[in-house]
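Comments concern the structure below.
Each chain gets a letter, A, B and so on, in the order its sequence line appears, and its residues count up from 1.
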Amino acid sequence: MDDTDNIAFDFQPDQNGRGRLILRGRLDRETTASIWRPTTHLLRHTRVPRLLVQADQVVYCDGAGVALLDEYRRIQKEHRGQIEIQGLPPQCRQLMALFGTDQLVSPPPVPGPVTGFIRGIGERAAGSVREVVREVSFTGEVFVKLVRALARPRTLRWRDTLVIAEKTGPNALGITGALGFLIGLILAFQSAAAMRQFGAEIFVADLVVVVLFRELGPLITAVLLTSRSASAFAAELGTMKVNEEIDALVTLGLDPVQFLVLPRIIAVLCVIPLLTVFNQLFGLIGCGLVMSLWNVPTEIYLDRIRYAATLTDFFGGLVKTFFFGALVAGIGCLRGLQTRTGPTAVGDATTRAVVNGIVAIIAVDGVFAVVYYVLGI
Amino acid sequence: MAEEPIIEVKDVTLGYDDTVVLEDVSFEVRMGEIFGILGGSGSGKSTLLKAMIGLLTPVRGTIRIDGIDMVTAAGAARQALLAKIGVAYQSGALFGSMTVLSNIVLPLEEFTDLPAEAIERIAQTKLKAVGLQAAAYKMPAELSGGMRKRAAIARALALDPKVLFLDEPSAGLDPVTSAQLDELILGLSQELGITFVIVTHELPSIFAVTDRVLMVDKEARRVIAEGQPQALRDHSDNPVVRRFFRRELAVAASD
Ligand SMILES: Nc1ncnc2c1ncn2[C@@H]1O[C@H](COP(=O)(O)OP(=O)(O)O)[C@@H](O)[C@H]1O
Ligand SMILES: [Mg+2]
């Protein structure tokens, strides 16, 4: 066993709580593997209060060897034992100084599966509560500053607002129109197929226009803006946060809410009703196309629209868009400002903005449905 | 040089969420001084700087600048305080969507009633002070690392601050550029009487510019030394401090 290409160990415990572990040969990546388990196992079980590792016959030692000696130290520390490493060749000692961890950092204790699960629920609940508190206070802050800014419009950055409005509005016309057209088309087609059996295809117009005005137009436009603009806001502000630009604003005495959030909210509030109307218009065109395929004359179709949809339907839908818009822009900006550090931080912020935005829109839409029902709208 | 303190940090403990980064930090920075904050990476230098400029609320302790408490100051008092300080961040933190000149124009526009052309002239002079007048109409992304840091200093100078905070101004710069930056700092200090707080690793800069330094340590989570850099190098009995100066000296000598 005295082969220099190999490693051997010898463990000699004695009566007075001392143990001597003698290592001979090479302590390298290959050989260490063979004695790692046996020696550490031995030390864990014998729990000698005082361990002497005799290493004067070690001829070579690399990083793996250092790790092994380090593991011995850790084991001894675990049961409050002492350790002395003796006779380590000088170059190994240098390695030890470089890689040896004097201060051991053990991984944070992992709770058992059940307690961990319960704790996870608790932590998440506490986290959500904190999150909601933060959102509410952010909403309050933004609202107060919005009112103050509108009272003194000169304090607002109108040029930025215009640029953002252009990006969120006109640049989104294509997709908004196309989506509206397709929704109108599909809605008409699906319902017409059923209604034709009763010769009632003309009433398809009633259905589509009401659904578009009250629900789908505002909802689809808002979801679209979430994925197009809330994500952009979160990414823009998140990048600024990571680059310390937000900090720079603050120390220049400029308020990030006033400077970055308000222009975005105002821009979205300005464009979202227009986009919604545009979306609805194309929805009606899509529906009209199907109707003309079923040989319903255009005049009659337009007449049905005028008859079926009231102004209440139309404006009831539009009122919602302001709330959706504020949510979309606000959540996008908040998630951006909350960006942490690290390579995935901006991506995470963007994802959270889109997911939270869509959930919030649907939740608020539900609230509106109830409110409108109670009010009889 | 006046001896009265412009920054007083007293018994300050700093941390994030539930991790403590630095404990019981106390020191003063005197008017007109160039004060260095030294320490290994992750030792909390930037954290300390963030607390001094009001971006991070200390867990305990008080920080005063020009006699005003940084933590409790709000509204107009806070604005007044922020007007007294300028900060150049580690990454430069220039506003990426604006030209270099607009970056400097921005604070002037927001806080003065000067006509646009006056603001532009002032911004140009700040750029000239850091030797960047040629880059006025470039975007930050088009600048080299050293230029970005100088542009950040120019922006920090926009509102004529009393105190300038610089986070690792010469990190990642070549020795020549780094030396130019040191000269810029010395010049600003002598001509404008600005007080500097500089976070830095670079030993040549430390000896070239700083009057006094403070050293923080990651393991100890405390201030481990304070004084003149020469004195610390020659007489400190703390091995970490000695190693810091010796190691860096060895590097400086070898290049
Ligand atoms: N935003 C943050 N959230 C949590 N921990 C942080 C944050 N910023 C820094 N830290 C931690 O604080 C410690 C000190 O960081 P920092 O002050 O940036 O060090 P330095 O500037 O000296 O390199 C590090 O351990 C770092 O991980
Ligand atoms: Mg730092």
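- Residues passing the ring pair (Phe, Tyr, Trp, His ring centres under 6.0 Å) test with A/Y72, sequence neighbours excluded: none.
- Residues B/F165 and A/T251 fail the side-chain proximity criterion, which asks for heavy atoms closer than 4.5 Å.
- Taking all atoms of both residues into account, the shortest heavy-atom contact from A/A248 to B/A93 is CB-O, 3.9 Å.
- For A/R340, the CZ atom is loosely surrounded, since the number of other residues' heavy atoms within 6.0 Å does not exceed 12.
- Residue-environment remark: CZ (B/R221) stays at or below the threshold of 12 foreign heavy atoms within 6.0 Å.
- Scanning both residues, A/E245 and B/G96, for their nearest heavy atoms gives OE1-N, 3.4 Å.
- Side-chain contact between A/L252 and B/L82 is absent, with no heavy-atom pair separated by less than 4.5 Å.
- Taken to the nearest 0.5 Å, the OG atom of B/S97 stands 6.0 Å off from the CE atom of A/M240.
- For A/K167, the NZ atom sits in a loose shell: 12 or fewer heavy atoms of surrounding residues, nucleotides or ligands are nearer than 6.0 Å.
- The pair A/R157-B/E110 meets the salt-bridge criterion, since a charged nitrogen lies less than 4.0 angstrom from a carboxylate oxygen.
- When each of B/L106, B/L159, B/V87 is scored by its heavy-atom pairs under 4.5 Å with chain A, the top score falls to B/L106.
- B/S46 contributes atom OG, which lies 10.5 Å from atom CG of A/D247 (distance to the nearest 0.5 angstrom).
- Contacts classified as side-chain hydrogen bond (donor to acceptor under 3.5 Å, both in side chains) and involving residues 137-152 of chain B (residues at least two apart or in different chains) are given here: B/E120-B/Y137.
- Side-chain atoms of B/F95 and A/L249, non-hydrogen and from C-beta on, do get closer than 4.5 Å to each other.
- In this structure, CD in A/E244 is found 9.0 Å from CG in B/L55, a value given to the nearest 0.5 Å.
- No part of A/I246 comes within reach of chain B, as not one of its non-hydrogen atoms sits under 4.5 angstrom from that chain.
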